[in-house]
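Below: one structure, written as structure tokens.
In this text, all values refer to a predicted model and were calculated from it rather than measured experimentally.
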Amino acid sequence: MTNQPALQTSTGRIWLVMGGLFAALSLIPLVALALGGGPSMPLAVTTIAAVIVLYAAMVAIRFTVEKRQRRLWWMAACMLMMAAVALVGVWSSAIAEAA
């Protein structure tokens, strides 16, 4: 699994593109929940902020970490954390709305 080109030889641009697309798509239901003004609004807003911060961390890592392999691993970790935060945030918001 560690011999993938995206973790060995990539410049990091693909991580930024895919991370940006994922962030944009995950923000759609979260923004809808936040604008709905229901009981899940604080959780949705917190999740939105976390997704944006994690994407900003990906961008910062891309331009500040010198060693390629370390940079790519950290970008992949940010992407995975962004996915986990978005999933838990949407799931928890849906439970709050149903309660």
> Minimum heavy-atom separation for Ile61 to Met75, with atom names?
Replying inline: CG2-CG, 3.8 Å
>> Determine whether a donor-acceptor pair (N or O, by modelled atom type, separation under 3.5 Å) exists between the side chain of Arg62 and the backbone of Thr11.
In response: yes
Can you give me every donor-acceptor pair (side chain of residues 26-40, partner residue at least two apart or in another chain, under 3.5 Å) with its distance?
unit_1, atom_1, unit_2, atom_2, d
Ser26, OG, Phe22, O, 3.1
Ser26, OG, Ala23, O, 3.1
Ser40, OG, Glu97, OE2, 2.6

Please give the remaining members of the hydrophobic cluster of [X], linking ILVMFWY side chains under 4.5 Å, ordered by chain and number.
X     : value
Met41 : Val45
Trp91 : Ile95
Leu80 : none
Val88 : none

> Linking I/L/V/M/F/W/Y whenever any side-chain heavy atoms sit under 4.5 Å apart, do Leu87 and Met82 land together?
Replying inline: no
> Are Leu25 and Val85 joined in one hydrophobic group, where the rule is that I, L, V, M, F, W and Y side chains link up if heavy atoms are under 4.5 Å apart?
Replying inline: no
List the atom pairs, donor and acceptor, that lie under 3.5 Å between side-chain atoms in residues 46-55 and the rest of the protein, sequence neighbours left out.
unit_1, atom_1, unit_2, atom_2, d
Thr46, OG1, Pro42, O, 2.8
Thr47, OG1, Leu43, O, 2.8
Tyr55, OH, Leu16, O, 3.1

>> Would you compute the distance between atom CE of Met58 and atom CE of Met81 and round it to the nearest 0.5 angstrom?
In response: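 Going from CE on Met58 over to CE on Met81, the span is 10.0 Å.
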